[in-house]
Amino acid sequence: TQINGMHTGTPLTNYVLNYFLYEFENFLAHQATFYMRVGDDFVCVLKKEQSDVLVQKFIKKFQEENKLEICFDILDDDFEFLAYKYTQNTISVRDSSVKKFLSRVSAKLQVLDADLETKITLLDRIYNGPNGLYELQKQFLLDYRFFNSESQIKFLSREIKRYQNRFLFGYQGFKNITELNLILKSLNITSFEKLFYQYK
């Protein structure tokens, strides 16, 4: 039989796919406020209401010319794509991914039965050691580089600070916030919020 196309398992496939879809993606990206493709899944958030007709015509023509079948839906303002939630120009990370990340942070900052000086020394090691908390936070930002939700960034910063506080002072909530800030500053520990803007 005569077969057209490439096997999906070859290392070259993604490069060829990117080249093949260059004009397709260029057109969609210019119509969109947000465009992203991963493999054969893509999302396109349109600038204007009339753009959806233009995009549908373009996709239909592209399919016919290339003998492809593209399944697409016109969605409302709120939808999920891969690890993201999109709501009115705000891109946040799915709750399950945030929960998983915070549980890893919490596991590294478990309450210890030790004096404060020992905990401070240990906190520095927890952050700056191999596979430390800094690396974990940076990796989260790299894994979810498209997210821009101010409320979610503040929530993550607040939760991480709460774990730091609990680690150093036990289960006292935010009563020691001033002392906590002084300790974190002396150890050059940057907040998650600052890390986000640093790596944006």
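Reckoned from all heavy atoms, side chains included, excluding hydrogens, waters and symmetry mates.
- At a threshold of 4.5 Å between side-chain heavy atoms, the hydrophobic network of Ile, Leu, Val, Met, Phe, Trp and Tyr places Phe169 and Leu182 in two separate groups.
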Legend entry - Chi angles and distances behind the ring-ring contact (aromatic ring centres under 6.0 Å, His included) call for Phe196, Phe192: CA-CA 6 Å; Phe196 170 78; Phe192 181 84; 7.3 Å; no

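- Here the side chains of Phe101 and Gln137 are in contact, with some heavy-atom distance below 4.5 Å.
- Leu116 has its side chain within reach of Leu168: a pair of non-hydrogen atoms, C-beta onward, lies under 4.5 Å apart.
- With sequence neighbours left out, the salt bridge (Lys or Arg N to Asp or Glu O under 4.0 Å) criterion links Glu179 to no other residue.
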Inset, instruction - Could you go through the ring-ring contact (aromatic ring centres under 6.0 Å, His included) check for Phe42 and Phe24 one step at a time? - result: CA-CA 11 Å; Phe42 69 91; Phe24 177 83; 5.5 Å; yes

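- The two residues Tyr35 and Ala29 have their closest heavy-atom pair at CB-CA, 4.1 Å.
- No path of Ile, Leu, Val, Met, Phe, Trp and Tyr side chains, each step under 4.5 Å between heavy atoms, connects Val43 with Tyr22, placing them in separate hydrophobic clusters.
- No side-chain N or O of Thr87 forms a donor-acceptor pair with one of Thr90 less than 3.5 Å apart.
- Tyr134 is listed as a side-chain neighbour of Leu195, based on a closest heavy-atom distance under 4.5 Å.
- Between Tyr19 and Tyr15, the distance from one ring center to the other does not fall under 6.0 angstrom.
- The CD atom of Glu193 sits 7.0 Å away from atom CD of Glu150, with the distance rounded to the nearest 0.5 Å.
- When all heavy atoms of Tyr84 and Ile91 are compared, the closest pair comes out as CD2-CG2, 3.6 Å.
- Across Val93 and Phe140, no two heavy atoms sit closer than the pair CG2-CZ, 4.2 Å.
- Annotation for Asp41: atom CG counts as buried by contact number, over 12 foreign heavy atoms lying within 6.0 Å.
- Side-chain contact between Val16 and Thr13 is absent, with no heavy-atom pair separated by less than 4.5 Å.
- From Asn165, atom CG reaches atom CG of Leu180 across 5.0 Å, with rounding to the nearest 0.5 Å.
- No continuous path of hydrophobic side-chain contacts links Leu142 to Tyr144 [ILVMFWY only; heavy atoms under 4.5 Å].
- In this structure, the side chains of Leu187 and Tyr127 stay at 4.5 Å or more apart for every pair of heavy atoms.
- Atom CD1 of Ile59 and atom CG of Leu28 lie 5.5 Å apart (nearest 0.5 Å).
- A salt bridge is absent between Glu64 and Lys61; no separation between the charged side-chain nitrogens and carboxylate oxygens falls under 4.0 Å.
- Sparse packing is recorded around CG of Asp113, with 12 or fewer heavy atoms of other residues, nucleotides or ligands lying under 6.0 Å away.
- In this structure a side-chain-to-backbone donor-acceptor pair under 3.5 Å is missing from Arg125 to Gly132.
- Side-chain contact between Leu109 and Leu133: present, with at least one pair of heavy atoms (C-beta onward) separated by less than 4.5 Å.
- What you find for Ile189 and Gln164 is that their closest heavy atoms are CG2-NE2, 3.9 Å.
- A 4.5 Å side-chain heavy-atom check between Ile183 and Lys119 finds every atom pair outside the cut-off.
- More than 12 non-hydrogen atoms from other residues, nucleotides or ligands lie less than 6.0 angstrom from CD of Gln198.
- Distance check: Ile126 CD1 to Thr121 OG1 gives 10.5 Å after rounding to the nearest 0.5 Å.
- With rounding to the nearest 0.5 Å, the separation of NZ in Lys67 from CZ in Phe62 is 14.0 Å.
- Inter-residue side-chain proximity for Leu123 and Leu184 is flagged as met; some heavy-atom pair is nearer than 4.5 Å.
- In this structure, Lys154 places its NZ atom where only 12 or fewer heavy-atom neighbours from other residues, nucleotides or ligands lie under 6.0 Å away.
- Residues Phe155 and Val98 share a closest heavy-atom pair of CE2-CG1, 4.0 Å.
- Checking side-chain atoms of Ser97 against main-chain N and O of Ala83 turns up no donor-acceptor pair under 3.5 Å.
- Phe81 contributes atom CZ, which lies 5.0 Å from atom CE of Met36 (distance to the nearest 0.5 angstrom).
- In terms of heavy-atom proximity, Phe147 sits nearest to Ile153 at CE1-CG1, 3.7 Å.
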